[in-house]
Amino acid sequence: MIVRGTSTLMKSRIQALILDAARQALAAGALTTDQFPEVLVEEPKNEGHGDFATNFAMLSAKTQKMAPRKIAQALVDHLGDGDGLLERTEIAGPGFVNFFLQPVAWPDLVRQVLAADHAYGTSDIGAGEKVQVEFVSANPTGPLHVGHGRGAAVGDSVARILACCGYDVQREYYINDSGRQIQTLGRSVYLRMRELQGEIVEFPSDCYQGDYIRDLARELSAAEGDGLREMDEAAAIGHCARYAARSITDGIRRDLENFGVRYDRWFSEQSLYDSGRVDQCLNDLKARGIVYAAEGAWWFKTSDLGDEKDRVVVRQNGQTTYFASDIAYHIDKYQRGFDRVIDVWGADHHGYIPRMSAAVEAAGHGRDRFQVILVQLVNLLRGGQPVAMSTRSGEFVTLEEVVAEVGADAARFIFLTRDYDSPLDFDLETAKQKSNDNPVYYVQYVHARIASILRKAAEQGIPSVTWAQRAGERLIEAEEIQLIKALARYPEVVAMAAHSLAPHRIPFYLMQLAALFHAYYNKHRVLTDDPDLTMGRLCLVLAVQKVIRNGLGLLAVGAPEQM
RNA sequence: GCGCCUGUAGCUCAGCUGGAUAGAGCAACGGACUUCUAAUCCGUAGGUCGCAGGUUCGAGUCCUGCCAGGCGCGCCA
């Protein structure tokens with residue numbers, strides 16, 4: 001793993017030392033085999049256990065056929081000091097080797113952070129792999145609600161994290177602008193228009209009930225009501241459908257932009273039909289016997305590929321199902337050259353995964369190239385009380401309303417401060433609070449506070465913060481070393497978030513870093529009478545500020561200069 | 001009935017893919033502002049990691065079986 005700007009990062013240096021010691025020990029006959037496990041280095045929770053520790057000896061016990069503590073001893077006996085990096089080592093517990101670093105080894109990391117700046121935390125672990133992240137993809141039949149907001153925050157953040165780690169990422173929104181629901185949308189608008197024109201119409205319960213349908217009807221009526229009256233009903237409904245879908249899609253795009261989310265591509269489902277790719281795909285699958293006719297319909301043999309039963313792709317009435325266009329869509333994704341496709345779905349769609357995976361596999365792509373992030377549902381609360389949400393009745397709180405009430409930063413942070421595998425209670429009152437119940441401000445406050453220090457420093461005649469060895473050497477307080485260690489961890493946190501598609505690691509890391517900073521701030525002054533000490537501390541807090549900014553950037557949350 | 005997700009402090013949640021004495025915030029209690037922003041900090045208290053087995057040097061983490069909650073199980077999307 002190459003982590004830019006941190007190739008001399010402590011952990012990898014320790015790993016190298018351990019591996020080297022193991023080889024030396026083997027050469028000296030102190031070990032029995034070169035079957036070494038992966039060298040795992042961790043930071044012990046307990047400070048008494050050193051700066052780093054490895055469980056190499058325990059993991060090797062079986063293959064080496066030796067007692068763990070004896071292996072540990074062999075390692076320690078052949079360990080170099082890493083050019084003065086190590087102060088001492090010890091063997092502890094069942095066979096841990098604990099490493100204690102020279103305290104002076106840490107401040108240089110501040111220099112590295114400052115030098116890397118925006119690039120600190122970026123890496124090449126993605127190696128340019130082409131990844132597509134498709135998220136939200138809500139049907140253009142109504143405005144986005146909070147659940148979509150969670151999906152948007154997760155999808156966008158995953159994309160940012162992957163891009164940060166050297167993946168070639170594309171964000172895409174799939175517009176379901178075809179099919180029966182769009183017809184229903186058109187009919188809903190059409191009927192509301194006739195209502196506006198004074199007709200008494202019975203509005204069916206399976207039509208979209210929300211007020212936004214009336215708004216659309218009003219707009220359309222004002223713009224081209226006359227023309228529509230002259231059309232026959234079917235043509236008018238079709239026209240209404242296209243108008244409404246386009247208008248709602250525009251609204252969705254605007255809401256997402258206000259939420260900090262931009263897509264590289266908006267992909268139309270209808271375009272798959274227009275270009276004949278759905279038919280082409282079905283014919284191809286029929287030719288291969290994967291799609292077969294039965295009971296007057298066409299079925300996909302998903303049961304051969306792990307699904308519990310076969311699925312219909314063309315109904316008895318000749319109409320395709322959504323599954324049919326989804327197959328064509330996903331095949332198209334791979335044809336566009338993506339090595340990996342990530343779909344972000346609401347948890348209520350989880351039953352769809354086996355058949356989609358089956359389709360991807362049938363198209364000749366490995367299952368590891370298709371990943372679904374299932375985002376659990378959002379319970380919207382106000383002051384602890386559930387807020388009624390029902391798409392059917394049209395009574396729901398839209399994403400736009402939530403963003404207007406609590407702000408995009410707070411909303412995004414809350415969405416991302418929970419594992420998407422867990423359901424989320426989103427309390428509007430809590431989200432508005434500027435307290436520690438609402439950690440986005442806690443983290444942003446660090447950035448603002450440091451900005452304030454830097455302004456003050458400039459007033460006192462220190463216009464720029466520049467690293468100097470003798471200044472860095474003054475960073476010896478325990479809180480300072482702790483802060484630097486936290487900074488050192490950042491690139492790994494990002495890499496891990498990318499590897500396990502776990503954006504929530506970023507906010508948790510930032511909260512931890514913020515806590516260390518606030519504690520430091522309360523205990524020590526940055527601006528002192530001692531120029532070297534002051535410069536050393538300015539370097540440190542500037543490095544903290546940069547990491548906070550970089551981290552918040554992965555969440556698309558702002559880093560304010562003042563609050 | 002079957003499948004997926006969840007179950008960790010009073011509440012909301014982490015727990016780095018199996019490591020050493022399980023953490024944070026809120027709420028509670030007690031402290032700290034003539035100082036670079038108190039949207040902050042320090043301290044106290046709070047636990048049978050849903051339950052029971054199993055795997056091994058070692059389990060909140062992995063496997064099995066239960067229990068509870070959420071979501072799904074259509075020729076709907």
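Just so we're on the same page: letters track the sequence lines, and every chain starts at 1.
Residue-level contact check: A:Ser500 touches the bases, meaning some heavy atom is under 4.0 Å from a base atom. Among the protein residues, A:Asn98 comes within range of the nucleic acid bases, having at least one heavy atom under 4.0 Å from a base atom. Contact annotation for A:Tyr445: base contact, defined as any heavy-atom pair under 4.0 Å involving a base atom. Within 4.0 Å of A:Lys456, counting heavy atoms only, lie sugar-phosphate atoms of the nucleic acid but no base atom. If you check every strand for non-hydrogen atoms under 4.0 Å, A:Ala519 touches sugar and phosphate atoms only. At a threshold of 4.0 angstrom between heavy atoms, the contacts of A:Arg525 include nucleobase atoms, whether or not backbone atoms are also involved. Backbone-only contact: A:His518 has heavy atoms under 4.0 Å from sugar-phosphate atoms and none from a base. Using a 4.0 Å heavy-atom distance criterion, A:Pro94 is classed as a base contact. In this structure, A:Asp419 reaches the sugar-phosphate backbone alone: every heavy-atom distance under 4.0 Å involves primed, P, OP1 or OP2 atoms, never a base. A:Asn139 comes within 4.0 angstrom of the backbone, heavy atoms only, and of no base. If you check every strand for non-hydrogen atoms under 4.0 Å, A:Trp298 touches nothing. Contact annotation for A:Tyr442: backbone-only contact, meaning every heavy-atom pair under 4.0 Å involves sugar-phosphate atoms and none involves a base. As judged by a 4.0 angstrom heavy-atom cut-off over every strand, A:Arg311 is placed among residues making no nucleic acid contact. Among the protein residues, A:Ala61 comes within range of no part of the nucleic acid, since none of its heavy atoms lies under 4.0 Å from any strand.
The same atom, C1', is picked in B:G7 and in B:U48; the two are 15 Å apart, to the nearest Å. Taking atom C1' on both nucleotides, B:U44 is separated from B:C36 by 30 Å, rounded to a whole Å. If you take atom C1' in B:C11 and the same atom in B:G72, they sit 29 Å apart, rounded to whole Å. Nucleotides B:C63 and B:U55 are separated by 7 Å at their C1' atoms, to the nearest Å. Using P as the reference atom, B:G54 and B:G60 are 15 Å apart when rounded to the nearest Å. Separating the P atom of B:G50 from that of B:A22 is a span of 15 Å, rounded to the nearest Å. Distance check on atom P: B:A9 versus B:C71 gives 23 Å, rounded to whole Å. Rounded to whole Å, the C1' atom of B:A20 lies 15 Å from the corresponding atom of B:U61.
Between the side chain of A:Asp425 and the base of B:U12 there is no donor-acceptor pair of N/O atoms closer than 3.5 Å. Remark: the A:His350 side chain and the B:G3 base include a donor-acceptor N/O pair separated by less than 3.5 Å. The base of B:G19 is paired with the side chain of A:Asn55 by a donor and an acceptor separated by under 3.5 Å.
Set against B:C76, B:C75, B:G72, the side chain of A:Gln316 has B:C75 as its closest nucleotide. Among the nucleotides B:G72, B:A77, B:G19, the one closest to the side chain of A:Tyr322 is B:A77. Set against B:A38, B:U56, B:U21, the side chain of A:Arg449 has B:A38 as its closest nucleotide. Checked against B:C76, B:U17, B:C75, the side chain of A:Met496 finds its nearest nucleotide in B:U17. Distances were taken from every side-chain heavy atom of A:Arg418 (C-beta onward) to each of B:A14, B:C4, B:C73; the shortest belongs to B:A14. Side-chain proximity of A:Arg315 to the nucleotides B:A77, B:C57, B:G19 is greatest for B:A77. Nearest nucleotide to the A:Ser422 side chain, out of B:C57, B:U17, B:A14: B:A14.
Under 4.0 Å is where a charged nitrogen must lie from a carboxylate oxygen, and between A:Asp307 and A:Lys301 no such pair does. A:Lys523 has a carboxylate O that lies under 4.0 Å from a charged side-chain N of A:Glu479, or vice versa, which qualifies the two as a salt bridge. Looking at A:Glu405 and A:Arg382, a side-chain N of the basic residue comes within less than 4.0 Å of a carboxylate O on the acidic one, giving a salt bridge. With salt bridges taken as basic N to acidic carboxylate O contacts below 4.0 Å, none links A:Arg474 and A:Glu480.
Nearest heavy-atom pair, A:Arg418 versus A:Pro423, reported as atom, atom and distance to 0.1 Å: CD-O, 4.4 Å.
Between the side chain of A:Arg412 and the main chain of A:Ala152, no donor-acceptor pair closer than 3.5 Å is present.
Stacking here means ring centres nearer than 5.5 Å and ring planes tilted less than 30 degrees, and by that measure A:His49 stacks onto B:A20.
In B:U40 the base sits anti relative to the sugar, since the glycosidic angle is further than 90° from 0.
The 5' end of RNA chain B is approached more closely, in terms of each residue's nearest nucleotide, by A:Phe508 than by the other of A:Arg489 and A:Phe508. Nucleotides of RNA chain B nearest to A:Thr320 and A:Asn438 differ in position, and the one nearer the 5' end is that of A:Asn438.
No side-chain donor-acceptor contact under 3.5 Å links A:Gln270 and A:Asp177.
In A:Lys286, the NZ atom is crowded: over 12 heavy atoms of neighbouring residues, nucleotides or ligands sit closer than 6.0 Å. Sparse packing is recorded around CG of A:Asp529, with 12 or fewer heavy atoms of other residues, nucleotides or ligands lying under 6.0 Å away.
Atom pair A:Leu533:CG and B:C36:C1' shows a separation of 13 Å (rounding to whole Å applied). Taking atom CH2 of A:Trp345 as the reference point, atom P of B:C5 lies 15 Å away to the nearest angstrom. Protein atom CG of A:Leu424 is 15 Å distant from nucleotide atom C1' of B:C11, rounded to whole Å. The nearest whole Å value for the distance from the NZ atom in A:Lys309 to the C1' atom in B:C73 is 9 Å. Distance CZ (A:Phe413) to C1' (B:C13): 13 Å, rounded to an integer number of Å. Taking atom CZ of A:Arg355 as the reference point, atom C1' of B:G3 lies 12 Å away to the nearest angstrom. In this structure, CD of A:Glu295 is placed 14 Å from P of B:G74, rounded to the nearest angstrom. In this structure, A:Phe96 atom CZ and B:G58 atom P are separated by 13 Å, rounded to whole Å.
Across all strands shown, B:G10 is found opposite B:C26 as a Watson-Crick or G-U wobble partner, with both distances under 3.5 Å. Checking B:U21 for Watson-Crick or G-U wobble geometry (two distances, each under 3.5 Å) identifies no partner in any strand. Of the nucleotides present, B:C71 is the one that pairs with B:G3 by Watson-Crick or G-U wobble criteria, both distances under 3.5 Å. Across all strands shown, B:C66 pairs with B:G50; the Watson-Crick or G-U wobble distances both stay below 3.5 Å. For B:C41, the paired nucleotide is B:G31, the pair qualifying as Watson-Crick or G-U wobble because both relevant distances are below 3.5 Å.
The phosphate of B:A20 (OP1 or OP2) has a side-chain N or O of A:Lys45 nearer than 4.0 angstrom. Residue A:Tyr521 places no side-chain N or O under 4.0 Å from the OP1 or OP2 atom of B:C33.
For the pair A:Arg311 and A:Phe323, the cation-pi test (distance below 6.0 Å, angle within 45°) is failed.
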